[in-house]
Q: 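I am attaching a structure below and will ask some questions about it afterwards.
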Amino acid sequence: MNSDNVKKGPERAPNRSLFYALGYTPEELDRPLIGVVSAYSEIVPGHMNLDKLAQAVKDGVRMAGIRMGHVGMKYSLASRELICDSVETMYMAHQLDGLVLVPNCDKIVPGMVMAAVRMDVPAIVCSGGPMLA
């Protein structure tokens, strides 16, 4: 499994600690990690229901014995740029006047802040707070 690259072996103990902080069990980490990606937003009418659909998918994936995950941290810088571009795209596409950014994580926070700075837009950042130990 690709996910073994982030969850197997003694050198991946820090990775496993993050999974455990998310509530994963050792048994779940032996299963495939499945990503559920949603385009949910409250600004596009066709996207308003996607949060409920994504939750149903996640519940089904969990009941089937598989979970979400990622391939590794080697995409940190690239993902910041994608996050920045995504925020900028939504801001410009919908001609918003300001942003309230609700990030968390070492990739999301800079990506969102980079977008606000790049576009020189009034913005407030409300952090989601620290993760569980």
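All figures in this text were calculated on a predicted structure; none of them were measured in a lab.
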Q: Taking the side chain from R80 and the backbone from P110, do they hold a donor-acceptor pair closer than 3.5 Å?
A: no

Q: Would a distance-only check, ignoring hydrogens and angles, find a side-chain to backbone donor-acceptor pair under 3.5 Å from N5 to N2?
A: yes

Q: Is it the case that atom CD in E42 sees more than 12 heavy atoms from other parts of the structure closer than 6.0 Å?
A: no

Q: Flag yes if V113 and M92 sit in one hydrophobic cluster, no otherwise; membership is Ile, Leu, Val, Met, Phe, Trp, Tyr, and two members link when side-chain heavy atoms are under 4.5 Å apart.
A: yes

Q: Could you pull out the closest heavy-atom pair between K52 and M48, with the gap in Å?
A: NZ-O, 4.2 Å

Q: Other residues, nucleotides and ligands only: do more than 12 of their heavy atoms fall within 6.0 Å of CG on D59?
A: yes

Q: Heavy atoms, side chains only, cut-off 4.5 Å: are R62 and E28 in contact?
A: yes

Q: Can you measure from CE (M1) to NZ (K7) and round to the nearest 0.5 angstrom?
A: 4.0 Å

Q: Do S127 and V109 make a side-chain contact, defined as non-hydrogen atoms from C-beta onward lying under 4.5 Å apart?
A: no

Q: So do L22 and L18 actually touch side chain to side chain, heavy atoms under 4.5 Å?
A: no

Q: Membership question, hydrophobic clusters at under 4.5 Å side-chain separation (ILVMFWY): are I124 and V121 in the same one?
A: no

Q: Between M112 and V125, is any pair of side-chain heavy atoms under 4.5 Å apart?
A: no

Q: Distance check, rounded to the nearest 0.5 Å: L82 atom CG versus C84 atom SG?
A: 9.5 Å

Q: Side chains of L33 and Y24: closer than 4.5 Å at any heavy-atom pair?
A: yes

Q: Hey, are the side chains of L99 and M119 touching, using non-hydrogen atoms and a 4.5 Å cut-off?
A: yes

Q: Taking the side chain as C-beta and beyond, is there a heavy-atom pair between L101 and C126 under 4.5 Å?
A: no

Q: When you compare the side chains of D51 and Q55, does any donor N or O come within less than 3.5 Å of an acceptor on the partner?
A: no

Q: Hey, does F19 have a side-chain heavy atom less than 4.5 Å from the side chain of V6?
A: yes

Q: Is it the case that more than 12 heavy atoms not belonging to D97 sit under 6.0 Å from its CG atom?
A: no

Q: Count I, L, V, M, F, W, Y as connected when their side-chain heavy atoms are under 4.5 Å apart, and connections chain through other members. Are V117 and I108 then in the same cluster?
A: yes

Q: Can you list everything that forms a salt bridge (Lys or Arg N to Asp or Glu O under 4.0 Å) with R118? Sequence neighbours excluded, please.
A: E81, D85, E88

Q: Mind checking what makes salt bridge (Lys or Arg N to Asp or Glu O under 4.0 Å) contact with D4, not counting sequence neighbours?
A: none

Q: Working to the nearest 0.5 Å, report the span between OG of S3 and CG of L29.
A: 8.5 Å

Q: About how many Å separate OH of Y20 and CG of N15, when rounded to the nearest 0.5 Å?
A: 11.0 Å

Q: Verify the cluster assignment for I43 and I83: are they in a single hydrophobic cluster under the rule of side-chain heavy atoms below 4.5 Å apart?
A: yes

Q: State plainly whether one hydrophobic cluster holds both V87 and L50, where clusters connect Ile, Leu, Val, Met, Phe, Trp and Tyr through side-chain heavy atoms under 4.5 angstrom apart.
A: no

